[in-house]
Amino acid sequence: MAVPAEPVALGGVSLAGATMGTTWSVRAYCAPTRNPHALHAIAQAALDDIVAQMSPWVEDSDLVRYNRAAPGSVHALPEAFADVLRCALDIATRSEGAFDPALGALVDLWGFGPSPSRHRIPGDAELQALRMRRGPSLRALFEEDPPRLRQPGGVTLDFCAIAKGHGADLVAHRLRAANVPAALVEVGGELFGYGRKPDGTPWRVVVEGCAEESNPRPGTEPPPLRTVELDGRAIATSGDRWHGFEHEGRRLSHSIDPRTGRPVHDAPVAVSVIEASAMQADAWATALTVMGAEVGLAFAERHDIAARFLVRDGERLVERVSARFDDLSEIAD
Ligand code: ADP
Ligand code: MG
C-alpha cells in the first residue's frame, strides 16, 4: 500500500528588482531549500530578454533595429517579440484601432519616447505629416513560420503599453517551469498570479488606480475597496499617475489616440482590466483609456471584458465597472 508522502512545507520568498524604467517584485512559495538568488536570476533574466528585444531605449534592441531598418528589409523575430506582436495585432483589430503598436513616431513627437525633445507640443503640420506617412497595415507586413516582419520604411513599433504585462507573464511562466508552485509577479504595477498559498487560498490583491483612493480628499467618500483573486489570472492598470505632463494647465495623457494623433483628452484617472494574461490586460487597459469611460464601458460590456474605470466627478473619484469586473472582484468591507 502506498504511503502518502509527507506534505512538503513551503517557504515564502520575496524578490525585487528594476526593469523597463520601473520596478518588479515577486512573492512566491516554494521548497525552503530553494536558493532565492537563483530565483531572482530567473526573473531578472526573463525581463532582461524582453528589454533586449523590445525596448525603444536600448540602441541595439530588435525593436530599434527594425524601426531604423532600410525600406524593404525583412526581419526574423525572436519568440517573445513575435508573441507580443501577435497579441498586439489581435487587440489592435478587436479594439477597432484604439490600441496601436505602431505609434512609435507619434509617441516620440509628443515627448514620451526615447527622443531627447521631451514634453513639447508638436504643430498641426508635423502631426499631419506623420499620420500621412503611416504605411500599410502592420498585419500585412507580418508572416508566420518562421515569424518575420517586413519594414516598408517609416514604421516605428512601440510596445510600451504591452511589454510590462508580458514581462509579468514571462516571469511567472519561467518560475513555474522551475518548479515554483505559487507566485504573484508584479512588473510596474501589472500583476499575474498562479498557484495556491500554503493555506490553500489563491493570491488576493487590492485594485487600486491612484493614491487618492486610499487617501481621499477631506469630505469625499472614496470608491469601494475591491479585491481580486489571481489564480492563473492577471490585472493591469493604465493611469497617468507617473507619466503625462502639464501644458497650459491641462494634463496631457501619455496614451495617444491613434485617430487624432494626440494625447487622449480627459483620460480616465485609471483603467484596470482583469484578463487571462497580464499582456492582454495591459493592452486592453490602454485601449479602454483611449476610448474613454463612456464608450469604453459600453465596449467592455459588449465584449464581456472585465474593466474598471476610475473617473473624476467634480471633487469626487468614482468607479464604474463592467458586469464581468464586478463578477471577478469582491467589495471588501
Ligand atoms: P499605462 O500604465 O498608463 O498603461 P503604459 O506604460 O502601459 O502606461 O503605456 C503607455 C505607453 O504606451 C506610452 O508611453 C506609449 O509608448 C504607448 N502608447 C500610447 N498610446 C498608445 C496606444 N493608443 N496604443 C498602443 N500604445 C500606446
Ligand atoms: Mg499599459
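Each ligand, and each atom within it, is numbered from 1 in the order the structure gives. Not measured: the values here are computed from a predicted model. These values consider heavy atoms only, across backbone and side chains, with no hydrogens, waters or symmetry-generated copies.
- Trp203 has its ring centre no less than 6.0 Å from the ring centre of Phe192.
- Note: an N/O pair closer than 3.5 Å links Gly239 and ligand 1 by distance alone.
- Close approach to Lys164 involves these atoms of ligand 1, each under 4.0 Å from a residue heavy atom: 5 (P), 6 (O), 7 (O).
- Judged as a ring-ring contact (aromatic ring centres under 6.0 Å, His included), and not counting sequence neighbours, His173 has no contacts.
- Not a single N, O or S atom of Glu190, from either the backbone or the side chain, sits less than 2.8 Å from the Mg ion (ligand 2).
- A donor-acceptor pair is defined here as one N or O able to donate and one able to accept, closer than 3.5 Å; such a pair exists between the side chain of Ser95 and the backbone of Ile91.
- Using a 4.0 Å cut-off between heavy atoms, Ile256 contacts ligand 1 through both its backbone and its side chain.
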Margin query: Checking Val64 against Val58 for the side-chain contact (heavy atoms from CB on, under 4.5 Å) test, could you report, in this order, the C-alpha distance in whole Å, the side-chain angles of both residues, the deciding distance, and whether it holds?
Written below: CA-CA 7 Å; Val64 168; Val58 170; 5.8 Å; no
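- With hydrogens and angles disregarded, a donor-acceptor distance shorter than 3.5 Å links the side chain of Glu301 to the backbone of Ala323.
- Remark: among candidates Ala92, Ala88, Ala161, the nearest residue to atom 12 (O) of ligand 1 is Ala161, based on non-hydrogen atoms.
- Less than 4.0 angstrom separates some heavy atom of Ser255 from each of these atoms of ligand 1: 19 (C), 20 (N).
- Of all atoms in ligand 1, listed by their number and element, those nearer than 4.0 Å to a heavy atom of Val290 are 23 (N).
- Remark: the backbone N or O of Thr237 is paired with a side-chain donor or acceptor of Glu190 at under 3.5 angstrom.
- Of all the atoms in ligand 1, the ones that sit under 4.0 Å from a non-hydrogen atom of Thr237 are 2 (O).
- Within the 6.0 Å centre-distance limit, the rings of Phe81 and Phe159 are counted as a close aromatic pair.
- Remark: ligand 1 atoms within the under-4.0 Å shell around heavy atoms of Asp282 are 7 (O).
- Residue Thr286 approaches ligand 1 through these ligand atoms, each under 4.0 Å from one of its heavy atoms: 4 (O), 21 (C), 22 (C).
- Checked against the 6.0 Å centroid threshold, His303 and Trp284 do not count as a close aromatic pair.
- Which of His254, Met20, Glu190, Met291 comes nearest to atom 18 (N) of ligand 1 through a heavy atom is settled by distance: it is His254.
- As for Asp282, its N/O/S atom nearest the Mg ion (ligand 2) is the one called OD1.
- Atoms of ligand 1 lying under 4.0 Å from any heavy atom of Asp158, numbered from 1 in the order shown and given with element: 15 (C), 16 (O), 17 (C).
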Next item on the list: Would you please test Ser25 and Glu186 for side chain to side chain donor-acceptor pair (under 3.5 Å) and show each step?
Entry: CA-CA 5 Å; Ser25 66; Glu186 176 263 333; 2.7 Å; yes
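- When Gly165, Ser238, Ala98, Gly113 are ranked by how near their heavy atoms come to atom 1 (P) of ligand 1, first place goes to Ser238.
- Of the possible donor and acceptor atoms, none in the side chain of Ser73 sits under 3.5 Å from a partner among the backbone N and O of Ala69.
- Set against the non-hydrogen atoms of Asp100, the atoms of ligand 1 under 4.0 Å away are 22 (C), 24 (N), 25 (C), 26 (N).
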